[in-house]
Amino acid sequence: MNTWLLLSVVFLLASILKKSTNAVIVGITGYFALDVIGTLMYSLIHKFDFLKWNPINFLNLSNQVGAPDLLKHLTKLSINQLIIGNFIYIILFLTTGLYFFSRKEN
């Protein structure tokens with residue numbers, strides 16, 4: 001599920017940015033920066049509850065399946081909420097990417 005979420009974000013970036021090279025660089029850098037951002041996100045989620053709906057938080061689905069009690073406390077979402085949220089973000093990112101991609105072709 002995380003792979004689909006990452007692929008939809010990369011597709012969105014590739015559709016928005018004029019050069020594919022920039023999209024690849026941003027995607028690769030973002031992928032490696034996710035661990036650092038993820039740890040910072042836990043403290044921000046603790047302070048601001050609405051940040052639990054951030055797409056970066058939904059990348060914790062596979063980790064939460066492995067350690068549900070620990071990560072449910074950090075993500076403040078259940079596994080079902082993470083699954084549904086992943087689907088929603090994937091659809092949102094793919095449709096937005098398709099929109100920008102179709103505008104790029106004209």
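For the single chain, residues carry numbers from 1 onward in sequence order. Hydrogens, waters and symmetry mates are skipped; everything else that's a heavy atom, side chains included, is used. As the structure is a computational prediction, the values presented were derived from the model and not from experiment.
The same ILVMFWY cluster, assembled from side-chain heavy atoms under 4.5 Å apart, contains both Leu92 and Ile56. Grouping the Ile, Leu, Val, Met, Phe, Trp and Tyr side chains by contacts below 4.5 angstrom, directly or via other members, places Ile28 with Val9. Linking Ile, Leu, Val, Met, Phe, Trp and Tyr residues whenever their side-chain heavy atoms come within less than 4.5 Å places Leu94 and Tyr99 in a single cluster. A continuous path of hydrophobic side-chain contacts links Phe87 to Leu59 [ILVMFWY only; heavy atoms under 4.5 Å]. One hydrophobic cluster, built from ILVMFWY side chains closer than 4.5 Å, cannot hold both Phe48 and Tyr42; they sit in different ones.
Distance check: Phe58 CZ to Trp53 CH2 gives 5.5 Å after rounding to the nearest 0.5 Å. Separating the CG atom in Leu6 from the CD1 atom in Ile90 is a distance of 9.5 Å, to the nearest 0.5 Å. Atom CD1 in Ile91 sits 11.0 Å away from atom CG in Asn86 (nearest 0.5 Å). Ile88 CD1 to Ile83 CD1: the interatomic distance, rounded to the nearest 0.5 Å, is 12.0 Å. From Leu82, atom CG reaches atom CG of Leu77 across 5.0 Å, with rounding to the nearest 0.5 Å. In this structure, Leu71 CG and Asn57 CG are separated by 9.5 Å, a value rounded to the nearest 0.5 Å.
Minimum heavy-atom separation, Asp49 to Lys76: OD1-CD, 3.5 Å. Contact between Gly97 and Leu12 at its shortest, heavy atoms only, is N-CD1, 3.5 Å. Residue Thr75 comes nearest to Lys52 through the heavy atom pair O-CB, 3.5 Å, listed as atom of the first residue, atom of the second, then distance.
Judged by distance alone, the side chain of Gln81 and the main-chain N or O of Ser78 form a donor-acceptor pair under 3.5 Å. No donor-acceptor pair closer than 3.5 Å links the side chain of Thr29 to the backbone N or O of Val26.
In summary, the side chains of Asn54 and Tyr89 do not present any donor paired with an acceptor at a separation below 3.5 Å, with no hydrogens or angles considered.
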| request: Show the numbers, then the answer: is there a side-chain contact (heavy atoms from CB on, under 4.5 Å) between Ile45 and Leu74? | output: CA-CA 8 Å; Ile45 289 171; Leu74 295 174; over 6 Å; no

| request: List the steps and the verdict of side-chain contact (heavy atoms from CB on, under 4.5 Å) for Ile16 and Phe101. | output: CA-CA 7 Å; Ile16 292 175; Phe101 184 73; over 6 Å; no

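Environment of NZ in Lys72: sparse, with no more than 12 heavy atoms of neighbouring residues, nucleotides or ligands closer than 6.0 Å.
No close placement of the Phe11 and Phe93 rings is indicated, their centers lying 6.0 Å or farther apart.
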